[in-house]
Amino acid sequence: MSDLHLHNSYTRQKEKFEALVPGHVGLYVCGPTVSGESHLGHARPYITFDIVYRYLRHLGYRVRYVRNITDAGHFEEEGREAEDKVSKKAQLERMEPMELVHKYTNLYHWGMHRFNCEEPSIEPTATGHIIEQINMIQDIIAKGYAYEVNGSVYFDVKKYAETYPYGKLSGRVLDDLLETTRDLEGQDEKRNKVDFALWKNAPPEHIMRWTSPWGEGFPGWHIECSAMSSKYLGETFDIHGGGMDLLFPHHESEIAQSTIAHGHAPVRYWMHNNMITINGKKMGKSYNNVIKLTELFTGEHPMLEQAYHPMVVRFYILQTHYRSTLDFSNEALQASERAFRRLWEAYEVLQELQHPGNTVPADGELDGQVRTWCHECKEFMDDDFNTAKVIANLFEMAPVINGIKGGQVAAGALSADTFALLQDTFKTYLVDILGMQAMQEQQTDKLDKVLALLIEMRKDARTRKDFATSDQIRNKLAEAGVLLKDEKDGTVSYTIE
RNA sequence: GGUCGCGUGGCCGAGUGGCUAGGCACAGGUCUGCAAAACCUCCUACAGCGGUUCGACUCCGCUCGCGACCUCCA
């Protein structure tokens, strides 16, 4: 069906993608924990896998894209004291877990929408799948790979490792882990330090709790993904994605749980995006260096020199390969903003251009070059989703487009076929696959008419050589964020910042 | 400490055993009443030291520097 190759984190190699069920792809991506606001670092996986989702569909696959919402666990709202959760408080003063989760889920959806990320096919919540998780845990206990202690259930990693290749995904060696794992609370309940919780007993003040065969508690962090992915995608599915920081312990644990529950490994291809760094350090809660999406879009953050449009951020992320780290800086974002504006304008110009209709190109060399650039886009995407190279090729073609409009390139330089290919390539890759869209809102007719009037008045002034008036109109509009451009053919167009 | 990864021109960033990615910035030019935009030109880098090779930025080794994971983490 395709020549798609992708880097499989499990084998650390690029592999040809073969769908388990021909024509269909099951894609699971670890979604957000909705106990706080999404930040720039979170944007990366969702944009990365939005590209994967879009490209797989472009290749003709029917994709079921499942991305969970982690809304169960040991939650605290950002900035609030833990005491808030203590049930002694009056009902309305107390933070309701559902309230918190709902607030941040909405905020997350708002962010994804602004980034023009497609919605997943299914967005299951951990709290909506407690039964499935309990069932899976019971199954693992029955098979002898988990044990209960004081109302909590732990997975027996040491036993698992006797038979299965524990640590392969993350490159861990069990013996090393046994020595280096730190002492944490609850360790004394575990048989071995490396064991992880499938179910946690809830202390009295804990606000999220469900009844289970082991008493009141809440599910461990890893089990939800195993339970939900197998429910919606089957015991084995094609692609599982997430951030590199989830390799261990999260994904390693998922493999272990699912392998015991189902008798075989759950995932055929693991994909992991790299981190966004800031001043060379990973952006993350623990480093206290996050820029929230709301801050990013408004520019209200000490580290931000200006606001950055979601499309600029998306473009900036796609200019780098998803497996490389990407360092945040105002300079980099500003460069992306200018770059994207230019490329998007070329795209808009291209849609308006008319081809003279010649079937033989006036410039055979350029014609061939453009065809190559266009065809390479597919090769680049097939090679582990190399969006950076796709964008580079689109930039190669921007001068051709602008040149045709500006007259530096002959209108018939390209054949009609090649011109159509060029138009299609921009639409397909820039819009459909990379998911870029205009930064500015669609103009209203009223504004358009007002500007047409001003442009007409300026044109009159210019023919009278009354440049004081014409420049005043242009400058005042510029102050208001409307930029006029005198085109070669004498017409005037405008862009709104 | 263990495991893994990275180090590219002013900045951001692809990528490859020989065939100058791309973007942003800078500089010069064309066009324009001026400007902006656009177009053309300029800017040839790959941490250091060895090795393999006809040839390495690309492979191997060492050194230095940086980071990620090992704990919630996208």
Side-chain angles (χ1 to χ4, degrees), chain A residues 12 29-33 35-36 38-49 70 73-76 167 170-173 175-177 179-185 194 221 241-250 252 272-277 280-287 290 315-316 319-321 323-343 345-346 349 376 380 383 386-396 398-409 462 465-467 470-471 474-475 478 483-488 493 495:
Chain A
R12 291 152 204 244
V29 174
C30 288
T33 299
S35 60
S38 298
H39 62 255
L40 176 58
H42 294 121
R44 190 145 196 212
Y46 306 131
I47 290 173
T48 295
F49 291 102
T70 299
H74 189 80
F75 280 12
E76 272 174 44
S170 57
R172 267 340 98 123
V173 178
D175 290 342
D176 294 344
L177 287 172
E179 284 172 22
T180 58
T181 304
R182 304 174 202 178
D183 289 323
L184 296 165
E185 60 154 318
V194 289
W221 175 39
M244 265 184 185
D245 50 354
L246 297 181
L247 270 165
F248 190 89
H250 186 54
E252 198 70 63
H272 294 273
N273 64 275
N274 215 136
M275 302 292 104
I276 287 182
T277 58
K281 284 266 193 299
K282 171 185 167 185
M283 186 178 288
K285 262 185 262 179
S286 21
Y287 294 95
V290 300
F315 194 71
Y316 154 77
Q319 274 183 296
T320 306
H321 187 86
R323 284 192 292 112
S324 300
T325 53
L326 172 57
D327 197 54
F328 167 87
S329 71
N330 282 285
E331 226 183 340
L333 263 300
Q334 284 159 13
S336 286
E337 180 173 308
R338 285 166 184 262
F340 176 59
R341 275 185 199 284
R342 192 175 137 237
L343 192 62
E345 267 196 50
V349 164
E376 280 175 342
F380 296 156
D383 184 16
N386 198 326
T387 55
K389 287 187 101 174
V390 170
I391 289 173
N393 265 29
L394 295 177
F395 268 115
E396 294 278 15
V400 178
I401 295 164
N402 289 326
I404 291 173
K405 189 191 181 197
Q408 296 94 341
V409 176
R462 289 180 73 202
K465 305 258 187 233
D466 177 8
F467 296 122
S470 70
D471 286 352
R474 186 176 66 196
N475 295 340
L483 300 177
L484 297 186
K485 284 199 293 185
D486 294 325
E487 303 291 354
K488 292 264 190 281
S493 63
T495 54

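Values below: all heavy atoms of this structure, side chains included; hydrogens, waters and symmetry mates excluded. It should be emphasised that the depicted structure is a prediction, and the values quoted were computed from it without experimental measurement. Just so we're on the same page: letters track the sequence lines, and every chain starts at 1.
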Q.
Suppose you measure atom P in C11(B) against the same atom in A45(B); what distance do you get, rounded to whole Å?
A. 15 Å

Q) Does K389(A) put a side-chain nitrogen or oxygen below 4.0 Å from OP1 or OP2 of G13(B)? A) no

Q) Is a donor-acceptor contact shorter than 3.5 angstrom present between the side chain of R474(A) and the base of C34(B)? A) yes

Q | Pairing of K485(A) and E345(A) as salt bridge, 4.0 angstrom limit | A | yes

Q. Between V173(A) and A388(A), which is nearer to the 5' end of RNA chain B once each is assigned its nearest nucleotide?
A. V173(A)

Q.
Does C39(B) have OP1 or OP2 under 4.0 Å away from a side-chain N or O of N402(A)?
A. yes

(Q) Here's a test of your reading of the structure: between M275(A) and S170(A), which maps to the more 5' nucleotide of RNA chain B? (A) S170(A)

(Q) Give me the distance, rounded to whole Å, that separates G13(B) from U32(B) when you measure between the C1' atoms they each carry. (A) 35 Å

Q) Which word best sums up how the rings of F340(A) and F315(A) line up, parallel for under 30°, tilted for 30 to 60°, or perpendicular for over 60°? A) tilted

Q. Roughly how far apart, to the nearest Å, are C59(B) and U53(B) at atom C1'?
A. 10 Å

Q) If you take atom types as modelled and just measure distance, does the side chain of R462(A) reach the base of G33(B) with a donor-acceptor pair under 3.5 Å? A) yes

Q. Looking only at atom P, what distance separates C12(B) and G17(B), rounded to whole Å?
A. 25 Å

Q: Kindly assign one of parallel, tilted or perpendicular to the pair Y46(A) and H42(A), based on the angle between their ring planes and the thresholds 30° and 60°.
A: parallel

Q: Give a yes-or-no answer on whether the side chains of T277(A) and D327(A) include a donor-acceptor pair shorter than 3.5 Å.
A: yes

Q.
Taking only the C1' atom of each, what is the distance from G28(B) to G55(B) in whole angstrom?
A. 37 Å

Q. How far, in whole Å, is G48(B) from C70(B) if one measures between their C1' atoms?
A. 30 Å

Q: For S286(A), answer base if it contacts any base atom (sugar-phosphate contacts may also be present), sugar-phosphate if it contacts only those atoms, and nothing otherwise; contact means non-hydrogen atoms under 4.0 Å.
A: base

Q) Which whole-number value in Å describes the distance from E252(A) CD to C69(B) P? A) 16 Å

**Q.** Atom pair distance, as rounded to whole Å: CG in L333(A) and C1' in C12(B)
**A.** 10 Å

Q | Rounded interatomic separation in angstrom, taking CD from E337(A) and C1' from C11(B) | A | 16 Å

Q. Taking any strand in view, what nucleotide pairs with G22(B) in a Watson-Crick or G-U wobble way, both distances under 3.5 Å?
A. C12(B)

Q: Look at the side-chain N and O atoms of N475(A) and state whether any lies under 4.0 Å from the OP1 or OP2 oxygen of A35(B).
A: no

Q: Could you tell me whether the side-chain ring of F467(A) sits stacked on the base of G33(B), using a centroid cut-off under 5.5 Å and a plane angle under 30°?
A: yes

Q.
Suppose we call a contact any N or O donor and acceptor under 3.5 Å apart; does that hold for the side chain of D471(A) and the base of G33(B)?
A. yes

Q. Phosphate oxygens OP1/OP2 of C24(B): is one of them under 4.0 Å from a side-chain N or O of R342(A)?
A. yes

Q: May I ask you to decide whether K389(A) forms a salt bridge with D383(A), counting only side-chain N to carboxylate O separations under 4.0 Å?
A: no

Q | Under-3.5 Å donor-acceptor pair between R338(A) side chain and A25(B) base | A | no

Q: Sticking with atom C1', work out how far G7(B) lies from U30(B), rounded to a whole angstrom.
A: 41 Å

Q | Euclidean distance for C1', U44(B) against U8(B) (whole angstrom) | A | 12 Å

Q) Cationic tip of R462(A) within the cone over F467(A)'s six-membered ring, i.e. under 6.0 Å and within 45° of the normal? A) no

Q. Looking at A35(B), does its base get a donor-acceptor pair with the side chain of D486(A) below 3.5 Å?
A. yes

Q. How long is the line joining NE2 of H272(A) and P of U3(B), in whole Å?
A. 20 Å

